[in-house]
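Being a predicted model, the structure only gives us computed values, none of them experimental. Note that the numbering runs from 1 along the sequence shown for the chain.
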Amino acid sequence: MVGRCKPAWQKSNQGLSHVVMWHEVNEAVDVSFEDATKEHRRDAERSGEEIERLTVDENLGDIERACLFLASNAHPLQHSCAIGKLPSLFNEYGTKAHEAIFPTLTASLDEYSEHCQIQAAEALTTILLDASLSKEAPDWFFPIAFRMINGVRTPEVMKSWLGTMRALVPVVPQQMLTEDLLQLALARAQGEESKQAHVVASSIFGAIAPFLDGKLILQTYLHKAMGLCQDTDSEVRTCMCEQLNNISRSVGLNTFMIFVFPELNELLRDEELVVQSAAVESLVQLLGFLPPDIRQIQVLPFLRSLCDEGNAAMHVCLARLLGDIIIKMVPDLLEDEATLLLDAYKILSQQANEDVRQLCAYNFPAILKTIGARKYSTMLHATYLQYIQDTSPIVRCTAAACLHEVAKILGKERTASYLRESFYSLLKDPALLVQSKLFGILHVVLGHFSVSNTQSKATTYANMIPSLLQAEKSVSGTNQWRMQRSLLQAFPLLAEYLTSDQIYENFVPICFRYMADGVPPVKISAALALAVFLRNNCKIQQRYELAQKVVKEYGQGQSYWSRLLYIDFCESFLRAAELRVLVCSKRASWSWPSMPSRIQCRAFE
């Protein structure tokens with residue numbers, strides 16, 4: 001751990017010292033700039049006695065320092081610093097770290113601040129996700145997690161430790177599930193227990209269900225769990241909604257229809273919106289589990305009514321889930337029934353709520369894939385145009401982000417017919433947010449307009465030039481160098497679709513301008529694009545003029561930066577020559593064999 005040493009007047013004869021301050025904690029914990037500023041001010045105001053208390057021997061090893069920082073009488077900053085280092089310590093030292101650190105952590109955890117208790121739960125969960133960790137780790141962590149969920153905690157602390165316990169459930173022996181967790185849940189599910197106890201019981205019931213036999217669940221706790229669905233507190237009912245998917249699949253369809261489905265129906269009509277939303281999400285998770293006749297007769301009318309009558313919050317929930325709903329339900333529906341579901345989607349896509357429209361746009365590729373490319377023109381094209389022309393930049397940005405997915409589903413011919421104008425419109429969008437998202441996938445999108453008819457293909461890409469130039473003009477006047485780089489990274493693909501004259505007149509000057517005035521990463525991308533243009537140019541005179549200009553302005557340039565850029569250009573040109581086939585529209589992205597740039601070595605980024 002990097003820290004600062006004592007001032008000279010504080011140093012002892014025993015060697016250097018180490019002070020843990022805010023900047024050290026910042027290495028282990030994400031903090032805001034404002035928090036860091038406030039803490040630095042506190043550092044400046046600390047007394048000599050407080051600094052002395054925060055000072056430890058700099059020669060201590062990582063494990064020894066962690067044990068010292070985790071002690072209950074240590075400073076909260078030291079607690080936070082040591083907890084943040086736990087994943088790396090366990091990854092490096094394994095069993096040794098557990099034997100040295102865990103006794104101190106276990107003894108002191110209850111005395112930590114709420115923030116540190118939450119941080120400890122997150123650290124243990126991170127450690128559990130490490131596949132290289134010792135197989136004994138679940139046995140190490142189960143007792144401390146069990147103790148934390150078996151007490152009275154703040155809601156945030158309890159939520160974090162329940163998450164850790166859910167991560168433990170798949171990797172602990174089944175005996176622990178039945179003898180420890182199940183018994184705890186049954187005890188906490190009693191009617192006289194508190195709301196938090198019922199939430200703990202609900203969470204455990206759902207977490208252990210996939211790992212227990214259905215008959216055992218029916219015999220031991222299914223009736224208790226269904227009783228919690230009727231709890232007077234909405235938080236408990238919401239938590240139980242989240243567990244119904246696991247419990248239902250474990251007990252089987254017959255038991256589900258008898259005991260769980262009636263409770264789910266009541267939760268779907270709960271007076272509390274948060275409960276109803278959680279129940280809808282649970283229903284969507286169970287769609288693949290439900291019989292087709294139940295989906296058609298009961299689920300479809302209910303969802304359709306929510307789209308028509310639900311309030312704004314429910315519309316947000318439905319818009320988020322509707323892609324999954326249509327994917328799971330449409331294959332089993334008749335054409336008229338599928339049309340009803342699609343009409344519900346269109347109704348949501350026209351809501352005044354921006355969040356609803358944005359979520360509908362996000363789900364558009366999934367819905368198109370389910371409906372099929374053949375029906376796009378009659379059923380979905382108008383909806384996608386609506387997203388492209390939406391007044392909200394967020395909605396247009398989402399539509400731009402999924403353009404390559406839509407194009408892939410439609411195929412090149414339909415893409416060129418239906419998405420060409422939409423693509424031009426997005427390139428000229430006045431919002432930089434939209435252009436930034438489009439530039440990030442531009443190298444993928446360009447190839448989807450490459451139709452089989454040579455003349456149509458040439459016309460499509462020729463008509464694309466003004467929009468590309470306008471997009472470049474809009475971004476060149478900003479300091480958004482990442483957008484400039486994304487646009488330039490797509491330029492090499494143009495060599496396959498445009499003529500030498502078109503590239504020479506329109507895009508070569510752009511490359512030279514960015515090579516001269518761009519920031520280092522942009523210069524590199526411009527040099528790469530220019531190398532591809534030069535290698536692909538079919539006219540000897542133009543190739544000669546380009547080569548001469550590059551040599552004169554960069555190879556013989558006065559600035560060493562220019563000469564370094566010339567070397568990068570030469571490397572790019574050699575790789576282009578070696579690859580021969582410079583552009584391949586079937587590839588998902590444009591990339592060169594890894595080779596560090598000399599300008600990039602100047603650590604711009």
Side-chain angles (χ1 to χ4, degrees), residues 210 241-242 244-246 248-249 253 256 261 264 268 276-308 310 314-351 355-387 395 398-411 414-415 418-419 441 444 448:
C241 288
E242 297 167 356
L244 291 182
N245 181 46
N246 284 346
S248 301
R249 294 179 184 275
L253 182 60
F256 165 80
F261 193 56
L264 178 58
L268 287 168
Q276 191 180 19
S277 298
V280 170
E281 188 160 357
S282 178
L283 175 65
V284 173
Q285 292 173 348
L286 286 165
L287 282 177
F289 177 72
L290 294 175
D293 58 328
I294 296 295
R295 294 202 295 264
Q296 294 174 6
I297 298 172
Q298 298 190 41
V299 176
L300 180 60
F302 174 74
L303 293 175
R304 187 69 171 82
S305 66
L306 285 180
C307 293
D308 293 337
M314 179 55 68
H315 286 161
V316 172
C317 175
L318 285 172
R320 177 170 52 86
L321 299 171
L322 204 53
D324 202 14
I325 292 171
I326 290 179
I327 287 175
K328 291 178 178 178
M329 291 193 66
V330 164
D332 296 326
L333 298 178
L334 299 175
E335 186 172 350
D336 292 342
E337 294 170 332
T339 302
L340 285 175
L341 202 54
L342 190 59
D343 288 342
Y345 168 74
K346 292 178 180 179
I347 290 172
L348 289 177
S349 71
Q350 297 171 358
Q351 293 289 323
D355 293 336
V356 173
R357 301 198 310 275
Q358 190 267 336
L359 288 167
C360 287
Y362 176 81
N363 280 308
F364 187 83
I367 292 168
L368 171 60
K369 187 174 182 180
T370 305
I371 299 299
R374 293 182 178 180
K375 298 180 181 179
Y376 172 80
S377 60
T378 57
M379 303 184 74
L380 289 172
H381 181 55
T383 303
Y384 191 66
L385 286 180
Q386 170 192 312
Y387 296 143
V395 177
T398 305
C402 68
L403 179 64
H404 63 300
E405 298 178 10
V406 175
K408 183 178 180 180
I409 297 170
L410 291 180
R414 289 190 178 90
T415 296
Y418 299 115
L419 299 185
I441 60 171
V444 183
H448 287 295

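Rounding to the nearest 0.5 Å gives a distance of 9.5 Å between CG of L321 and CG of L283. Of the inter-residue distances, the one linking I367 atom CD1 with I327 atom CD1 reads 8.0 Å to the nearest 0.5 angstrom. A distance of 13.0 Å separates CG in L300 from CD1 in I294, rounded to the nearest 0.5 Å. With rounding to the nearest 0.5 Å, the separation of OG in S248 from CG in L253 is 9.5 Å. With rounding to the nearest 0.5 angstrom, the OG atom of S349 is 13.0 Å from the CD atom of Q358. To the nearest 0.5 Å, atoms CG (L244) and CZ (R249) are separated by 12.0 Å.
Contact detail for T370 and I326: the closest heavy-atom pair is CG2-O, 3.6 Å. Of all heavy-atom pairs spanning N246 and P210, the tightest one is CG-CG, 3.8 Å. Closest approach of A400 to I441, counting heavy atoms only: O-CD1, 3.1 Å. In terms of heavy-atom proximity, C307 sits nearest to L348 at SG-CD1, 4.0 Å. The heavy-atom pair separating A401 from H404 by the smallest distance is O-CE1, 2.9 Å. Nearest heavy-atom pair, Y384 versus A399, reported as atom, atom and distance to 0.1 Å: OH-O, 2.8 Å.
Inter-residue side-chain proximity for L380 and L342 is flagged as met; some heavy-atom pair is nearer than 4.5 Å. Using a 4.5 Å heavy-atom threshold, the side chains of V299 and M329 count as touching. Proximity of F364 to T398: side-chain heavy atoms (C-beta onward) are nowhere separated by under 4.5 Å. Counting heavy atoms from C-beta on, the side chains of M314 and S277 come closer than 4.5 Å. Residues L410 and L368 form a side-chain contact, since some pair of their non-hydrogen atoms from C-beta on lies under 4.5 Å apart. Within the 4.5 Å cutoff, side-chain heavy atoms of L419 are placed close to those of Y376. Contact of the I409 side chain with the R414 side chain is not registered, since no non-hydrogen atoms from C-beta on lie closer than 4.5 Å. Here the side chains of M379 and T383 are not in contact, with every heavy-atom distance at 4.5 Å or above.
Of the possible donor and acceptor atoms, one in the side chain of N363 sits under 3.5 Å from a partner among the backbone N and O of A319. Not one N or O on the side chain of H315 forms a donor-acceptor pair closer than 3.5 Å with the backbone of V356. Side-chain atoms of S305 come within 3.5 Å of backbone N or O of F302 as a donor-acceptor pair. Side-chain N or O atoms of S282 include none that pairs as donor or acceptor with a backbone N or O of A278 at under 3.5 Å. When atom types are taken as modelled, the side chain of Q285 and the backbone of N245 share no donor-acceptor pair closer than 3.5 angstrom.
Environment of OH in Y362: sparse, with no more than 12 heavy atoms of neighbouring residues, nucleotides or ligands closer than 6.0 Å. Heavy atoms from other residues, nucleotides or ligands lying under 6.0 Å from NZ of K408 number 12 at most.
Using a cutoff of 4.0 Å between basic side-chain nitrogens and carboxylate oxygens, R320 and E281 are scored as salt-bridged.
In this pair, Y345 and Y387 present their aromatic rings perpendicular. The plane angle is above 60°, beyond the 30 to 60° band.
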Would you be so kind as to tabulate the donor-acceptor pairs closer than 3.5 Å made by side chains of residues 333-341, with sequence neighbours excluded?
unit_1	atom_1	unit_2	atom_2	d
E337	OE1	L334	N	2.9
T339	OG1	E335	O	2.8

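If you check the side chains of Y418 and H381, you find no donor sitting under 3.5 Å from an acceptor.
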